[in-house]
Amino acid sequence: MEPSDKTLPPALAMLSSERPRNLGWFGAAGLLFGDWGTSRLYVLGIAFLVAGRSSFYLIAAMSLLILTIGWAYTQICRLYQNGGGVYTAGRMRSPLLGVIGALLLFADYTITASLSSVEAFHYFGLGKHEAAQVSQEPAGDEIRIPKDGEAAAEREPLFSWRSPGLWAVVAILVIGAFNLLGPKHTAGYAIFTAAGMMAITLLIVVFALPQIRWAHVHWGRLFHAPSEMWHGFVYIVLALSGVEAVANLTGVMRKPVFATARKSIWAVAAEVALLNLVLAIVMVALASPPGSDPAVANAGNLARESHTEDMLAYLAQAYVGPVGEWMVRVVGGLLLLSATNTAINGLMSIMYVMSRDGEMPAVFQKLNSFGAPWVAAILAATVPAIVLLFAHDLHTLASLYAIGVVGAVAIDCSLATIHPRLRKAWRKAAMAAMALLLVAIWVTLATTKIPALIFVTIVLAIGLSLRQVTRLAARRYPKPSLLRRAIVEQLTPEALSKPRILLATAGSATMADAAIDVAAAAEAALVVCFVREVALNYKVEAETRLTLDNDPAAQAMFGDFLEKAHARGVPIIPMYDTGTNAAELIAELAAMNGVDRILMGSSRRGVLHHIIKGSFQRRIESLLPPEIHVQVLSTTEPSPPAGAAAEDSGGREAVASAKGDE
């Protein structure tokens with residue numbers, strides 16, 4: 001089929017979410033690492049603050065969790081191959097669940113932007129000085145969770161020229177302003193994030209490992225009170241940040257999506273888990289008692305609270321020297337600002353997509369001359385800046401951080417557990433265990449970190465209130481959906497006057513190219529008929545009946561047909577219905593539209609099915625007048641049989657494909 005140089009009409013352009021699948025596993029790994037991998041810039045210091053020399057065991061547990069979450073997301077990316085992350089996965093079950101998942105991600109991206117920008121200026125050298133830390137106690141090996149009141153008491157003043165919080169607010173507003181110019185003007189150095197982070201990490205590791213006297217390293221204590229170990233582990237769980245990024249990328253990954261996602265996830269998860277563990281060893285070695293190894297110049301000098309905000313820079317100074325420290329501070333700060341920009345882009349995308357789906361006010365769809373949603377961009381920069389006015393220290397921001405990402409990942413894992421394509425029992429059991437663990441972590445965060453609970457409650461309350469207002473306004477002043485607007489755009493009087501050919505489809509666009517070719521050759525409009533046969537023994541209420549407006553499989557299919565047909569100048573007339581006899585409904589729709597012929601795919605049903613129900617093609621032919629003929633189409637690709645959606649009892653989803661399965 002020849003490509004078209006015609007510009008898509010406005011509604012069809014907004015409706016079309018199919019982007020070129022040109023992202024390979026290496027590029028996906030770089031994008032994932034840019035978010036996931038930079039967490040070590042602050043997780044190491046927080047872990048050492050909580051557990052001292054025992055932080056090695058907490059980071060080891062965190063590394064194990066990262067690997068298991070990585071496995072879970074290889075399956076999630078296989079199940080949900082069109083991008084969107086938790087919002088798409090939740091929306092397939094319930095629009096409300098999708099919005100809740102998106103709002104949890106909104107909370108996560110908000111704190112990501114705030115925390116990353118604050119940490120960037122800590123690495124640039126602002127904030128507390130090392131000289132002020134000399135009186136602090138040695139590292140020790142007990143687990144102590146900082147209290148919220150203690151963090152507030154130690155909070156640095158915001159309005160000071162050396163305040164990281166003040167400069168973080170300025171940076172966020174500047175980055176937000178640049179995002180008004182569109183993402184192509186702000187993502188210039190984001191592609192170097194993964195290489196930069198790996199470079200400074202390997203720099204420290206290569207210089208540090210030969211200097212460690214392994215026999216003299218004090219490893220802390222493995223056995224603590226179970227509640228202490230659990231709360232310490234929960235406190236550093238923010239290392240999970242960024243894992244949702246890979247689920248958002250599946251819509252642009254090269255096929256097979258499962259293979260691309262699996263390679264990228266395992267490459268990043270292995271690097272993050274392994275090198276975080278090695279850096280934990282390097283850090284603990286500096287905290288060994290001074291008398292344990294006099295040959296190590298810096299042994300025992302690392303106090304528990306001395307470098308929480310810039311631990312990686314301190315490790316570089318101790319093992320590499322001033323030049324290494326300078327490199328880590330500059331590169332680390334720039335990487336954190338890049339993570340801030342990524343988070344702001346994520347906030348803009350969440351608001352724009354929910355607005356496009358009618359879940360948020362339409363004002364978030366307003367685009368400026370650069371194609372950027374300017375209202376969403378302003379809000380995406382304003383909200384993290386406002387958060388920094390109330391919380392601009394690392395401890396408070398870290399406690400606010402995890403509750404959003406853990407909630408989103410827990411929803412994704414829970415939905416994957418009950419997905420029919422997960423299939424194998426051991427996968428379902430492992431995914432369910434993962435979901436239960438994450439729910440337990442979320443509940444612990446909600447009950448022990450009251451500021452975090454208040455924060456996420458505010459986000460959910462405001463977001464759900466806006467959703468309710470939007471839905472009430474839509475009911476009061478109804479507006480056609482994007483799909484219906486796209487349909488109307490191409491149904492001109494000239495299009496409606498053309499001859500018509502009907503395609504009976506099973507809810508798949510596999511036959512689209514062949515059917516559109518036939519319609520283009522005949523200079524006819526194509527009536528695309530999708531009938532779900534629902535074989536139930538009770539009456540379906542009108543409120544719960546499937547329609548074109550609430551059937552995601554039909555919406556996706558008709559969107560594909562509209563985009564493909566636009567390139568050939570073929571008008572599409574969608575027909576959707578549900579009933580107990582698909583053959584009769586298709587015959588009625590054919591008569592109503594005055595079609596010349598009906599196109600069908602060749603049936604591959606088994607012998608037993610044909611004995612019981614007969615041939616679907618023969619049943620339709622027996623109902624049609626002699627002037628309407630049935631033409632069987634075939635493609636080189638496997639496709640669901642025409643009318644199969646009608647023949648499948650219970651009206652099961654036809655949108656899920658087995659492609660990409662293991």
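- When side chains are defined from C-beta on, Leu347 does not count as touching Leu379, because their heavy atoms never get closer than 4.5 Å.
- Between the side chain of Ser264 and the backbone N or O of Ala29, no donor-acceptor pair lies under 3.5 Å.
- Using a 4.5 Å heavy-atom cutoff, the side chains of Val375 and Pro361 are not in contact.
- Residue Ser116 comes nearest to Thr340 through the heavy atom pair CB-OG1, 3.4 Å, listed as atom of the first residue, atom of the second, then distance.
- When all heavy atoms are compared, the tightest approach of Cys529 to Leu589 is SG-CD1, 3.4 Å.
- No side-chain heavy atom of Ile350 sits less than 4.5 Å from a side-chain heavy atom of Met360.
- Sorted by first and then second residue, the salt bridge (Lys or Arg N to Asp or Glu O under 4.0 Å) pairs with a member in residues 81-93 read Arg91-Asp357, Arg91-Glu359; sequence neighbours excluded.
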- Message: Between Arg78 and Arg262, does the side chain to side chain contact (heavy atoms under 4.5 Å, CB included) criterion hold? Intermediate values first, please.
- Response: CA-CA 9 Å; Arg78 176 174 67 86; Arg262 180 175 57 185; over 6 Å; no

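- Among residues two or more places apart in sequence or in another chain, the side-chain hydrogen bond (donor to acceptor under 3.5 Å, both in side chains) test is passed with Thr112 by Tyr401.
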- Run the side chain to side chain contact (heavy atoms under 4.5 Å, CB included) check on Met575 and Val531 step by step: do they pass? CA-CA 8 Å; Met575 290 289 160; Val531 175; over 6 Å; no

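- Shortest non-hydrogen contact noted between Val237 and Ala402 is CG1-CB, 3.6 Å.
- Residues Thr417 and Met434 are not in side-chain contact: their nearest non-hydrogen atoms beyond the backbone lie 4.5 Å or more apart.
- Proximity of Val518 to Leu526: side-chain heavy atoms (C-beta onward) are nowhere separated by under 4.5 Å.
- The side-chain heavy atoms of Phe106 and Val459, taken from C-beta on, include a pair separated by under 4.5 Å.
- The closest side-chain heavy-atom distance from Phe178 to Asn341 is not below 4.5 Å.
- Rounding to the nearest 0.5 Å gives a distance of 8.0 Å between OH of Tyr109 and OG of Ser349.
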- Query: Should Leu548 and Phe530 be marked as a side chain to side chain contact (heavy atoms under 4.5 Å, CB included) after you check the CA-CA gap, both sets of side-chain angles, and the distance that decides it?
  - Reply: CA-CA 10 Å; Leu548 182 58; Phe530 180 17; over 6 Å; no

- Item | Residues Tyr352, Phe364; criterion ring-ring contact (aromatic ring centres under 6.0 Å, His included); working and verdict | CA-CA 6 Å; Tyr352 178 81; Phe364 294 138; 10.0 Å; no

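- Side chains of Gln468 and Arg471: no donor on one and acceptor on the other come within 3.5 Å.
- Of all the heavy atoms in Ala269 and Leu67, the pair that sits closest is O-CD2, 3.8 Å.
- Between atom CD of residue Glu244 and atom CG of residue Asp412 there is a gap of 4.5 Å, rounded to the nearest 0.5 Å.
- Closest non-hydrogen pair, Phe33 versus Arg40, comes out as CZ-NH1, 3.9 Å.
- In this structure, CG on Asp513 lies 11.5 Å from CG on Leu633, to the nearest 0.5 angstrom.
- Residue Ile265 is tested with Val243, Ile76, Thr260, Thr74 for a side chain to side chain contact (heavy atoms under 4.5 Å, CB included); the sole match is Thr74.
- Thr505 is not listed as a side-chain neighbour of Met511, based on a closest heavy-atom distance of 4.5 Å or more.
- Counting non-hydrogen atoms of neighbouring residues, nucleotides and ligands closer than 6.0 angstrom, the CH2 atom of Trp374 reaches no more than 12 such neighbours.
- Taking CD1 of Ile487 as the reference point, atom CG of Leu483 lies at 4.0 Å (rounded to 0.5 Å).
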- Show your reasoning for whether side chain to side chain contact (heavy atoms under 4.5 Å, CB included) applies to Ile69 and Leu438. CA-CA 10 Å; Ile69 288 291; Leu438 291 165; 3.9 Å; yes

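- Here the straight-line distance linking atom CG of Leu464 with atom CD1 of Ile100 works out to 6.0 Å at 0.5 Å rounding.
- The backbone N or O of Ile572 sits less than 3.5 Å from a side-chain atom of Gln490, completing a donor-acceptor pair.
- Counting all heavy atoms, side chain and backbone alike, Ala416 lies closest to Tyr80 at N-OH, 4.2 Å.
- The distance from the CD1 atom of Ile418 to the SG atom of Cys413 is 12.5 Å, given to the nearest 0.5 Å.
- If you run side chain to side chain contact (heavy atoms under 4.5 Å, CB included) between Trp25 and each of Met253, Arg254, Lys263, only Lys263 comes through.
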